[in-house]
Amino acid sequence: MGTYHKVAKTKQLSPGKALAVEVEGRRIALFHAGGKIYAIGDTCTHRGGPLSEGVLAETSVACPWHGAEFDVRTGEVLGPPAESPVPAYPVRVSGEDIEVEI
């Protein structure tokens, strides 16, 4: 088990939106989807595009560079050209704080 780190305030992440944060040298994309907040690696495994700048639809995000799709809940690849998943991180909300476990 890792340690939870405060990364943002809930008011910074509206439903249907994304936010990039950095935690212990890792770029992480936060997504507010389906009433929950999820955290996955922000770097697409295809060519390194910023997933936090991608198009969020329900619980999937499409990379803005080449359209690879990932599940924001698990980091799994949903569509090419990416072949490898991105890491997914546990998230908890404590009051107004969004915390990610690293």
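In what follows, every heavy atom counts, from backbone to side chain, and hydrogens, waters and symmetry copies are set aside. For reference, positions follow the sequence shown, starting with 1.
For the pair Asp97 (side chain) and Lys6 (backbone), a donor-acceptor distance under 3.5 Å is absent. Ser84 places no side-chain N or O within donor-acceptor distance of the main-chain N or O of Thr45, the cut-off being under 3.5 Å.
Residue Ile40 is found in a hydrophobic cluster whose other members, listed by chain and number, are Phe31, Tyr38, Leu51, Leu56, Val61, Phe70, Val72, Val77, Val86; membership requires side-chain heavy atoms under 4.5 Å apart, directly or through intermediates. Grouping Ile, Leu, Val, Met, Phe, Trp and Tyr by side-chain contacts under 4.5 Å, direct or through others, leaves Met1 on its own. The hydrophobic cluster containing Val21 also includes Val7, Leu13, Leu19, Val23, Ile28, Leu30, Ile37, Tyr89, Val91, Val93, Ile98, Val100, Ile102, under a criterion of side-chain heavy atoms closer than 4.5 Å among ILVMFWY residues, counted directly or through chains of members.
Considering every non-hydrogen atom in both Ser94 and Glu99, the closest pair reads CB-OE2, 3.8 Å. Taking each heavy atom of Thr10 and Gly95 in turn, the nearest pair found is CG2-O, 4.3 Å. In terms of heavy atoms, Cys63 sits closest to Cys44 at SG-CB, 3.7 Å. Counting all heavy atoms, side chain and backbone alike, Ala20 lies closest to Arg27 at CB-NH2, 3.5 Å.
Between the OG1 atom in Thr59 and the CZ atom in Arg73 there is a gap of 3.5 Å [rounded to 0.5 Å].
Legend: residues meeting ring-ring contact (aromatic ring centres under 6.0 Å, His included) with His46, ordered by chain and number and at least two apart, are His66. Residues satisfying the side-chain contact (heavy atoms from CB on, under 4.5 Å) criterion with Pro90, sequence neighbours excluded, are Tyr4, Glu101. Take Ala57 and apply the side-chain contact (heavy atoms from CB on, under 4.5 Å) test, not counting sequence neighbours, and it matches Ser60.
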